[in-house]
Trainee: 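Before we start, here is the structure in question, set down as structure tokens.
Each residue takes its place number in the sequence, starting with 1. We count ligands from 1, going down the list as the structure has it; atoms in each ligand are counted the same way.
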Amino acid sequence: MPNRIKKLAVLTSGGDSPGMNAAVRAVVRTCAYHGIECYGVYRGYEGMIDGDFQIMDARSVKGIINKGGTILKSARSKRFRTKEGREKAFQQVKEAGIEGLVVIGGDGSFTGAMIFNQEFDFPVMGIPGTIDNDIFGTSHTLGFDTALNTVVDAIDKIRDTASSHNRLFFIEVMGRDVGHIALNTGIAGGAEEILIPEEDLGLDRLVDSLNRSRTSGKTSSIVVVAEGDKIGKNIFELKEYVDQNLEDYDVRVSVLGHMQRGGAPSCFDRVLASRMGVKAVESLLEGKTTYMVGLLNNKMELTPLDNAIKGKTKINLELLRVSDIMST
Ligand code: F6P
């Protein structure tokens, strides 16, 4: 490895996700392994602008692989969207002698990294961290697996009360633009219907489907709704519609919200974070820049940041079909 870089920095940015700490740990320890100094930047790009960073050694990341959230804190920086803010950030890293940056975050964070690279020719590498799994170039983003397990656990619990009262529950899960969480947890939680932004079922078909399930002998039902689903204005409007059109049903709504972003990362996310951290640092040391590390066919691969941001993750049509068959 040519190893011309002597100092790297790592930050977490955008919405946090379980596994971010494990990725920070992996970046710091890979730097230590290769004799590179590593800075942890606090509050994402905000901290970069303010010079809020400190050296981290291998021991400073002990005991965090199992922790949710991010010890580096996260932010969505408005200042970094301005040229002035980015210039300030560049001055700060230059003064500290930092020569490359690992950004753990989603597409907004990657866009910032890409612009920063273009303006200052500064080496950057992305690690996809978001529970939504909406980033192109990886089968799994960090935190997705943990969020799935959290949601399935919640659905199981709601099912207990739903079946005791013969109720229909609409459960809203995260996924601003995509339905990956809804689709997977809907299948795993035995949902009657799964509503995702990628597929507009339509209110009438939803009502027909719920009617069919009642007549087929089902006494309670779960409908998993992705936050970004367009079928109604929101989940409460859906409930209203079903209340008005299906008198037999006693309907309740449960919005799972931010609990989906917390909690200890799953084994899968810890391993993924460790692999991504190693790959990100070693790629920078090999002189590569402006890529995102990702998991493709169980291998660590690099995707140009531009593609990772612009590429669209496709919903798995086979899963949609499985879901339809399972709700028979
Ligand atoms: O991007 C992840 C995500 O969890 C989305 O699914 C959700 O819409 C959003 O973050 C909410 O983020 P915040 O509350 O931090 O603005």
Trainee: Tell me: protein heavy atom nearest atom 2 (C) of ligand 1, and distance?
Mentor: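 The closest one turns out to be Asp132 OD2, 3.3 Å.
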Trainee: Give me the nearest non-hydrogen protein atom to atom 16 (O) of ligand 1 as residue plus atom name, then the distance to 0.1 Å.
Mentor: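 Result: Arg76 NH1, 2.9 Å.
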Trainee: To check your reading of the model: name the closest protein heavy atom to atom 7 (C) of ligand 1, its residue, and the distance in Å.
Mentor: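 Atom 7 (C) of ligand 1 sits closest to the protein heavy atom Glu227 OE1, 3.5 Å.
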Trainee: If you measure from CG on Leu168 to NZ on Lys218, what distance do you get to the nearest 0.5 Å?
Mentor: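 Reported to 0.5 Å precision, the distance equals 11.5 Å.
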Trainee: Is the Phe80-Phe116 ring centre distance short of 6.0 angstrom?
Mentor: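 Under 6.0 Å, so yes.
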Trainee: Can you list the residues that meet the side-chain hydrogen bond (donor to acceptor under 3.5 Å, both in side chains) rule with Arg261, with sequence neighbours excluded?
Mentor: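 Arg261: side-chain hydrogen bond (donor to acceptor under 3.5 Å, both in side chains) contacts with Asp16.
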Trainee: Can you find a non-hydrogen atom of His258 under 4.0 Å from ligand 1?
Mentor: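 Yes, that is the case, since the closest heavy atom of the residue is under 4.0 Å from the ligand.
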Trainee: Under 4.0 Å, counting heavy atoms only: does Gly175 come that close to any atom of ligand 1?
Mentor: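 So Gly175 counts as touching ligand 1.
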Trainee: If we ignore angles and hydrogens, is there a donor and acceptor under 3.5 Å between the side chains of Arg275 and Asn298?
Mentor: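 A pair is found: one side chain offers a donor N or O, the other an acceptor, under 3.5 Å apart.
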Trainee: Please report, to 0.1 Å, the donor-acceptor pairs under 3.5 Å made by any side chain of residues 122-130, with sequence neighbours excluded.
Mentor:
from, atom 1, to, atom 2, distance (Å)
Thr130, OG1, Asp132, N, 3.0

Trainee: Below a 4.0 angstrom heavy-atom separation, can you tell me which part of Arg261, side chain or backbone, both or neither, approaches ligand 1?
Mentor: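 The answer is the side chain.
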Trainee: Under a 3.5 Å threshold, yes or no: a donor from one side chain and an acceptor from the other, between Ser327 and Glu192?
Mentor: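 Short answer, no.
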Trainee: Starting from atom 4 (O) of ligand 1, which protein heavy atom do you reach first, and at what distance in Å?
Mentor: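 Checking every protein heavy atom, the shortest distance to atom 4 (O) of ligand 1 gives Met174 SD, 2.9 Å.
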